[in-house]
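The block underneath contains the structure these notes are about, expressed in structure tokens.
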Amino acid sequence: MPREPMIAPSLLSADFARLADEVARVADADWLHVDVMDAHFVPNLTLGLPVVEAIQRVSPVPLDCHLMIEDPERWAPGYAEAGARNVTVHAEACRDARAVARHIRAAGALAGLAIKPGTPLEGHLDVLRDFDTLLVMSVEPGFGGQSFIADVLPKVQEARRLVDSGELTLLVEIDGGINADTIEQAAEAGVDMFVAGSAVYGADDPAKAIAALRARAAAAMRE
Ligand code: DX5
Ligand code: ZN
């Protein structure tokens, strides 16, 4: 069965003064990726739970909350309670990733584990059994508009192999530098869900950009 590519526009590249309109412009997306940054885990600061709750009220698309924050144990369940479809925490920030996954799931969301470009997959294979999504970062977390780091693709290939062999049950997601030039290599490596910020919101027509990315990824997956 061929996999179907899914696209998650990242709201980080949207106009924050017009969030409801910006959400409506990507109604064709599979998930809406929302980057929560705390200026501690990453050098940047974005938005938090009250804004996510407001986005949730107007979004026609399920929310994919990417928490780039310290102390995810404390904050992650709140995003699930707010109605997010998926809540992703960083492996590097978790003291007990398994417990965080349990709490996110108990609050009604899928649980995601993110790894930075320099973080190997190996040490996390066991805890990944308790997660629903694996987010492979293909830029250093913190800012949109950075260049894709292709060196992370072996981690995607390894995750794909473990999913296809039935050892793990995960959606494989990639985040950072995904655009028309890079999405094919990510698709070939085995990604299911593609986060794209500047490639979607930097386009004149975000809906068209989503369709074009999806078509490119689908073609690469069929090869
Ligand atoms: C970066 C964020 C990404 C970012 C991606 O830390 O996690 O989601 O918005 O932006 P682009 O697609 O422009 O690299
Ligand atoms: Zn992100």
Side-chain angles (χ1 to χ4, degrees), residues 6-12 14 16 19-20 22-24 26-27 29-42 44-116 119 121 123-137 141-142 159 162-163 167-175 191-195 197:
M6 292 173 280
I7 308 291
S10 170
L11 208 54
L12 187 60
F16 276 25
L19 279 182
E22 294 285 71
V23 168
V26 298
D30 295 281
W31 283 356
L32 178 65
H33 186 85
V34 183
D35 291 302
V36 175
M37 305 187 192
D38 67 352
H40 290 275
F41 181 72
V42 286
N44 198 4
L45 179 69
T46 54
L47 49 82
L49 188 54
V51 179
V52 168
E53 287 169 339
I55 297 166
Q56 171 72 28
R57 283 197 292 275
V58 299
S59 179
V61 178
L63 301 190
D64 175 31
C65 292
H66 177 193
L67 306 187
M68 285 160 275
I69 60 172
E70 288 180 356
D71 205 4
E73 286 80 3
R74 178 171 174 193
W75 302 107
Y79 291 85
E81 285 158 17
R85 173 71 55 87
N86 182 69
V87 178
T88 289
V89 295
H90 265 269
E92 304 85 358
C94 287
R95 281 183 297 273
D96 183 352
R98 203 172 254 132
V100 184
R102 203 165 49 239
H103 293 138
I104 292 170
R105 284 173 163 179
L110 300 175
L113 191 71
I115 51 173
K116 296 206 268 188
T119 302
L121 193 54
H124 304 287
L125 291 177
D126 206 32
V127 295
L128 277 172
R129 290 177 205 291
D130 291 307
F131 282 86
D132 305 290
T133 61
L134 167 67
L135 178 62
V136 177
M137 290 295 306
L162 292 166
V163 172
E167 286 165 75
L168 290 174
T169 307
L170 284 174
L171 207 64
V172 181
E173 190 173 4
I174 197 159
D175 183 9
V191 170
D192 300 295
M193 177 72 73
F194 303 84
V195 176

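Computation of the quantities below employed the complete heavy-atom set of this structure, encompassing side-chain atoms and omitting hydrogens, waters and symmetry-equivalent molecules.
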What's the separation between atom [atom1] in [X] and atom [atom2] in [Y], rounded to the nearest 0.5 Å?
| X | Y | atom1 | atom2 | value |
| --- | --- | --- | --- | --- |
| Leu135 | Leu113 | CG | CG | 9.0 Å |
| Arg98 | His124 | CZ | NE2 | 12.0 Å |
| Phe41 | Lys116 | CZ | NZ | 4.5 Å |
| Tyr79 | Asn86 | OH | CG | 14.0 Å |
| Ile69 | Arg74 | CD1 | CZ | 10.0 Å |
| His40 | Leu45 | NE2 | CG | 8.5 Å |

Testing the basics here: between [X] and [Y], what is the closest heavy-atom pair and its distance to 0.1 Å?
| X | Y | answer |
| --- | --- | --- |
| Val89 | Ala76 | CG1-CB, 3.8 Å |
| Met193 | Ala8 | SD-CB, 3.9 Å |
| Leu168 | Leu125 | CD2-O, 3.9 Å |
| Val87 | Ala109 | CG2-CB, 4.1 Å |
| Ala27 | Val61 | O-CG2, 3.6 Å |
| Val23 | Pro60 | CG1-CD, 3.6 Å |

**Asked** Stepwise, does the side-chain contact (heavy atoms from CB on, under 4.5 Å) test hold for Trp75 with Val100?
**Response** CA-CA 10 Å; Trp75 302 107; Val100 184; over 6 Å; no

Hey, are the side chains of [X] and [Y] touching, using non-hydrogen atoms and a 4.5 Å cut-off?
| X | Y | answer |
| --- | --- | --- |
| Arg105 | Asp132 | yes |
| Leu121 | Leu134 | yes |
| Leu171 | Phe131 | no |
| Met37 | Leu47 | no |
| Met6 | Glu173 | no |
| Pro9 | His33 | no |
| Val51 | Leu19 | yes |
| Leu11 | Ile55 | yes |

Any luck finding a side-chain donor-acceptor pair between [X] and [Y] under 3.5 Å?
| X | Y | result |
| --- | --- | --- |
| Asp35 | Ser10 | yes |
| His66 | Asp64 | no |
| Asn44 | Thr46 | no |

Check each of Leu32, Val52, Thr88, Leu49 against Cys65 using the side-chain contact (heavy atoms from CB on, under 4.5 Å) test, and report the only one that passes.
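In the set Leu32, Val52, Thr88, Leu49, the residue that makes a side-chain contact (heavy atoms from CB on, under 4.5 Å) with Cys65 is Val52.
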
Can a donor-acceptor pair be found, under 3.5 Å and without considering hydrogens, that links the side chain of [X] to the backbone of [Y]?
| X | Y | result |
| --- | --- | --- |
| Asp192 | Val172 | yes |
| Arg95 | Pro72 | no |
| Glu73 | Cys94 | no |
| Asp126 | Arg129 | no |

Walk me through it: do Glu92 and Thr119 pass the test side-chain contact (heavy atoms from CB on, under 4.5 Å)? CA-CA 8 Å; Glu92 304 85 358; Thr119 302; 2.6 Å; yes

